[in-house]
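Structure record follows, encoded as structure tokens.
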Amino acid sequence: MRSRLWTSTAAAVVVAVASCSAPGVLPAGRPGAGSPATSAPRAALVSTTALPDDSATAAGAQPRLAADPAQLGDDLVADETALRDPATPEAALLTAARRQQAAYRSIGHHPDWDAVIRARIPPSLAEVYERNVDARRQLNALVHVRDTLPAWHIEQPAPAEQLLGFYREAEAASGVGWNYLAAINLIETRLGSITGVSTAGADGPMQFLPATFAAYGDGGDIRSPRDSILAAGRYLAANDFATDPDHAIYRYNHSDHYVAAVKQYAAVLGADPAAFAGYYRWDVYCATVDGDVLLPIGYSADTPIPVGEYLATHPQ
């Protein structure tokens with residue numbers, strides 16, 4: 001379907017899952033999974049204190065996490081609970097979602113914390129926790145740590161209700177579950193937050209090569225959330241999603257790690273659609289030689305930027 005996602009596989013996106021977490025990521029559309037990273041990114045998301053207040057949501061600032069794994073687990077439970085409470089105000093939702101994402105990224109780098117944190121997770125959230133951690137680690141396996149930040153533009157995604165409507169519309173038309181389409185959209189471009197063309201020419205919220213989109217886009221706009229989501233449904237359906245979803249997802253992006261990550265996020269959403277509230281508010285991160293770098297809404301680069309140069313003027 002595509003060749004490589006954003007530059008070196010977007011891979012983390014979220015990287016197109018290979019390096020920048022926009023979650024998309026590998027060579028899609030060609031046989032063979034992408035090469036695993038030769039070095040693991042440093043965990044740059046752990047600080048000394050937990051901040052439950054709105055100061056954690058400052059533009060361009062990474063959420064602060066507890067240095068103690070036990071406290072990190074307790075904070076994650078509080079955030080997961082807040083995200084599922086319809087009474088939680090928007091400011092608190094944003095803080096909870098950003099800390100939730102940062103926590104899963106940090107835990108993903110630290111299997112040595114598993115025993116401590118798992119003991120803090122209540123049974124009602126155990127499956128959610130396990131699936132999110134596994135999805136993060138599957139994407140980490142695709143990450144290519146980079147020394148430059150990508151030529152992307154980060155913007156606010158389409159309204160959540162609108163996206164959910166597009167997923168449901170595509171499900172009704174193609175038979176592909178809305179939760180799978182949402183999971184792919186999350187991994188590929190953080191639900192459309194990332195605007196940019198990959199080195200192979202892949203474009204739009206669902207990362208299509210123009211030729212593939214021409215075949216499945218029904219005359220639509222490759223950068224339109226609705227048109228690209230509907231095209232993804234058609235593509236997956238044409239690749240036997242109904243009888244072999246793993247095969248169809250693999251055809252979308254040729255990596256078993258990618259397939260596993262999509263299935264984990266889709267399972268979380270399928271079991272509890274309210275989980276979308278957290279995913280929708282997640283940020284875009286890049287795994288770099290200087291750790292995970294947050295690219296906030298408003299980030300704009302027409303050419304790659306050396307990581308050190310960016311951090312010198314945008315400290316995190």
Side-chain angles (χ1 to χ4, degrees), residues 4-25 36-51 53-67 72 75 94-95 97-110 136-137 139-157 187-191 193-199 281-316:
R4 283 188 181 272
L5 261 189
W6 312 99
T7 65
S8 79
T9 297
V13 179
V14 328
V15 154
V17 226
S19 126
C20 273
S21 141
V25 120
T38 55
S39 60
R42 290 185 289 147
L45 292 175
V46 178
S47 70
T48 57
T49 58
L51 288 186
D53 57 64
D54 292 346
S55 62
T57 67
Q62 294 190 18
R64 296 190 193 175
L65 302 181
L72 180 64
D75 292 342
L94 181 59
T95 296
R98 296 187 74 234
R99 283 207 313 172
Q100 172 204 40
Q101 179 190 18
Y104 281 128
R105 292 186 69 88
S106 190
I107 294 166
H109 294 313
H110 286 281
R136 183 64 258 159
R137 288 175 179 168
L139 297 180
N140 284 349
L142 302 177
V143 167
H144 300 298
V145 179
R146 45 196 304 160
D147 57 10
T148 62
L149 298 177
W152 290 349
H153 301 274
I154 309 301
E155 57 190 40
Q156 185 70 34
I187 291 173
E188 293 297 340
T189 61
R190 196 65 78 215
L191 303 180
S193 296
I194 297 172
T195 299
V197 178
S198 76
T199 54
R281 292 167 175 80
W282 279 10
D283 288 311
V284 174
Y285 282 92
C286 254
T288 79
V289 293
D290 288 316
D292 285 349
V293 174
L294 184 153
L295 304 184
I297 292 173
Y299 170 89
S300 182
D302 294 323
T303 58
I305 303 173
V307 175
E309 179 181 313
Y310 179 80
L311 292 177
T313 55
H314 300 79
Q316 300 187 11

Quick one: list whatever passes side-chain contact (heavy atoms from CB on, under 4.5 Å) with Glu155, sequence neighbours left out.
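Checked Glu155 against side-chain contact (heavy atoms from CB on, under 4.5 Å); matches are Thr195.
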Tell me if a side-chain donor or acceptor on Gln101 pairs with a main-chain N or O of Asp283 at a distance below 3.5 Å.
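Yes; judged by distance alone, with no hydrogens or angles, the pair exists.
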If you compare all heavy atoms of [X] against all heavy atoms of [Y], which two are closest, and at what distance to 0.1 Å?
{"X": "Ala61", "Y": "Arg98", "result": "O-NH2, 2.7 Å"}
{"X": "Ser106", "Y": "Leu65", "result": "CB-CD1, 4.0 Å"}
{"X": "Pro63", "Y": "Arg99", "result": "CB-CG, 3.8 Å"}
{"X": "Pro296", "Y": "Ile154", "result": "O-CB, 3.4 Å"}
{"X": "Ile107", "Y": "Arg137", "result": "O-NH2, 2.8 Å"}
{"X": "Tyr104", "Y": "Arg136", "result": "O-CG, 3.4 Å"}

Thr313 side, atom OG1; Leu311 side, atom CG - distance, nearest 0.5 Å
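It is 8.0 Å, given to the nearest 0.5 Å.
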Rounded to the nearest 0.5 Å, what separates atom CG in Leu72 from atom NE2 in His110?
9.5 Å
Applying ring pair (Phe, Tyr, Trp, His ring centres under 6.0 Å), can you list everything that pairs with Tyr299, at least two apart in sequence or on another chain?
Tyr310
Flag the pair Val307 / Arg146 as yes when at least one side-chain heavy-atom distance between them is below 4.5 Å, and no otherwise.
no
